[in-house]
Amino acid sequence: MRNLPLHDQGDADTVADAERGFVAALTPGVVTTADGRVIWDADSYAFLHQECPPTAHPGLWRHARLCSRQGLYEVTEGVYQVRGLDLANMTLVEGDEGVVVIDPLGSTECARAALGLYRAHRGPRPVTGVIHTHSHVDHFGGVRGVTGGGVPIVAPAGFLEHVIAEHVHAGPATARRSVYANGTALDRDPSGQIGTGLGLALSTGTVSLIPPTVSVDRTGQEETIDGVRIVFQLTPGTAAPTGMNLHLPGPSALFLADNATRALHDVLGPRGAPVGDARAWSRHLDEAAALFAGRSDVALASHHWPTWGRDRIVALLSAHRDLYAYLHDQTLRLMNSGLTGTEIAEALRLPPELERAACTRGLHGTAVHTVKAVYQRYLGWYDGNPAHLWEHPPRESATRYVECLGGGAAVVAHARRYAEAGDLRFAAQLLNQAVFADEGNKEARDLLAEVYTRLGHAVESGAWRDCYLTGAKELVEGIAPAAPYAVPTEVLAAMSVEQVFDLIASRVNGPRAWRERLSVDWYLPDLGERHRTTLSNGALIHQATPPDEPADLTLKLTKAQLVGLLAGRNVEGVEREGDTTALKRLVAVLDPPLDGFAVVTP
Ligand SMILES: [Zn+2]
């Protein structure tokens with residue numbers, strides 16, 4: 001829990017950067033869906049203009065206050081940003097005829113509001129192109145709020161594949177964990193949700209997707225859209241598996257996406273994801289400096305606010321470059337001297353200059369989390385200690401620990417002693433055992449909620465705060481009912497048939513399917529594709545080219561019909577040949593989509 005001096009020079013610069021170029025705010029700062037549901041409420045963060053209360057880390061509070069300065073900003077001539085109307089920024093670059101939008105926010109409603117705010121001050125310019133810097137939803141989900149298509153949609157190679165992977169393979173699990181990592185269920189007040197460190201929150205409107213029409217395949221690739229010249233630099237393995245920076249030679253602006261913002265980001269966020277590569281991240285930033293810093297007067301990003309002046313751009317890039325490299329290399333060094341991820345995270349000290357830098361603070365990602373992610377990338381979850389090779393699962397081990405410690409009441413008493421002495425981390429460990437041993441132990445639940453709340457109020461990372469406070473809330477109130485996770489319609493539409501079968505395979509209830517053996521051929525004449533799925537030993541095997549021996553059932557259908565059938569719906573107009581019970585038997589072994597599962601209780 002590092003503490004930045006309250007009124008240091010770096011901070012004054014930060015405030016000046018966040019305020020510079022302000023044109024106008026959206027008033028009121030509220031965005032709703034067509035049926036009136038509020039999906040963004042910037043005004044609900046007005047309390048951040050108070051002095052920091054004891055219920056928040058001063059660094060996070062100050063940062064959140066700057067993130068709450070929503071509105072339209074002029075970055076440089078012809079380049080604008082709308083900030084504070086979603087987790088990410090929308091950037092607008094004026095061209096010959098209209099305006100090119102970089103990263104159109106996370107939902108169509110917020111994107112429409114942001115574009116409306118821009119147009120109110122810059123005239124009704126048409127959107128002449130869209131650029132998605134990477135595959136996270138806050139950077140593409142709003143695209144239909146700015147265009148219906150028919151303009152270039154530019155994205156890095158592999159964009160669609162990663163969008164789909166993120167929403168499909170781990171969709172329900174990450175959606176549930178996102179409630180924790182983004183604090184979406186928390187009240188917004190001085191002791192509740194005050195921002196994620198990356199921006200205030202993730203909007204909750206309609207997610208859209210238009211498949212890209214221009215793929216960026218290499219660093220140095222140039223495109224001109226509506227007279228705007230753009231040079232791209234690919235940055236895979238950073239916050240997302242695929243991503244890019246871009247340089248605008250016209251306005252001498254360097255766009256850094258999520259790669260160098262005003263906080264430490266994640267190679268692996270608490271929401272869960274495939275782990276990124278901290279060393280690659282560092283190298284991409286060094287390359288960005290070499291390619292573009294000398295030709296840039298301003299650097300801007302998809303979160304937070306721009307940095308003006310070449311020296312300051314170089315300093316920003318160097319600080320992030322050094323930090324990711326340091327976290328990577330020191331983790332390797334200590335890992336190879338025998339330390340585990342948890343031990344490295346505790347032992348690692350940052351160099352004083354990085355410790356002081358305002359732009360790399362752990363306001364969102366943390367050094368502790370990053371070190372463990374680097375360890376995981378190289379060595380996986382197992383720390384090499386055989387005691388951890390085959391542990392009891394949480395409830396079973398908790399029951400035994402609590403028994404050894406003299407029962408639930410004794411554990412709570414021990415925990416209270418640690419909490420009073422300020423060792424909240426160990427108090428949480430103890431109480432977690434008591435709750436997992438007996439979820440009805442109200443004293444343990446209440447004290448654990450209190451400990452999580454104190455931890456949440458003390459930490460600098462907005463994401464960590466959200467995790468702790470959400471844990472506290474669910475201990476006291478239980479899990480709020482949530483709608484079952486659904487893959488956004490346009491993401492589903494963009495999936496290949498093979499990806500649809502990947503999704504279905506992950507919903508096969510293994511034990512229920514053990515004894516089923518069946519094969520179905522799916523013939524999609526409009527796509528000219530034939531696929532076979534075989535259910536064998538509880539695994540749904542997909543073959544893009546069916547073997548010669550006939551399947552139990554052959555279906556002739558469209559992709560939409562295929563999706564409908566696998567969702568268990570009655571679909572008209574499908575030609576069936578063979579054993580029609582095969583389809584029913586397949587659908588019968590699929591698990592329905594999950595709704596909220598327990599996290600802080602067994
Ligand atoms: Zn982002």
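Each ligand, and each atom within it, is numbered from 1 in the order the structure gives.
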Tally of protein N/O/S atoms under 2.8 Å from the Zn ion (ligand 1)? 3
So with a 6.0 Å cut-off around CD of Glu19, is the heavy-atom count from everything else above 12?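 More than 12 within 6.0 Å, yes.
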Less than 3.5 Å apart, any donor N or O on the side chain of His457 or His57 sitting next to an acceptor on the other? no
Ring of Tyr73, cation from Arg83 - is the NZ or CZ under 6.0 Å from the centre and inside 45° of the axis?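 Yes, Arg83 lies over the aromatic ring of Tyr73.
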What pairs with Arg144 under side-chain contact (heavy atoms from CB on, under 4.5 Å), at least two apart in sequence or on another chain?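 side-chain contact (heavy atoms from CB on, under 4.5 Å) list for Arg144, sorted by chain: Thr108, Ser208, Ile210, Glu490.
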Relative to each other, are the rings of Tyr468 and Tyr452 parallel, tilted or perpendicular (30° and 60° limits)?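 Plane angle between 30° and 60°, so tilted.
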Side chain Arg177, main chain Pro270, donor-acceptor under 3.5 Å: yes
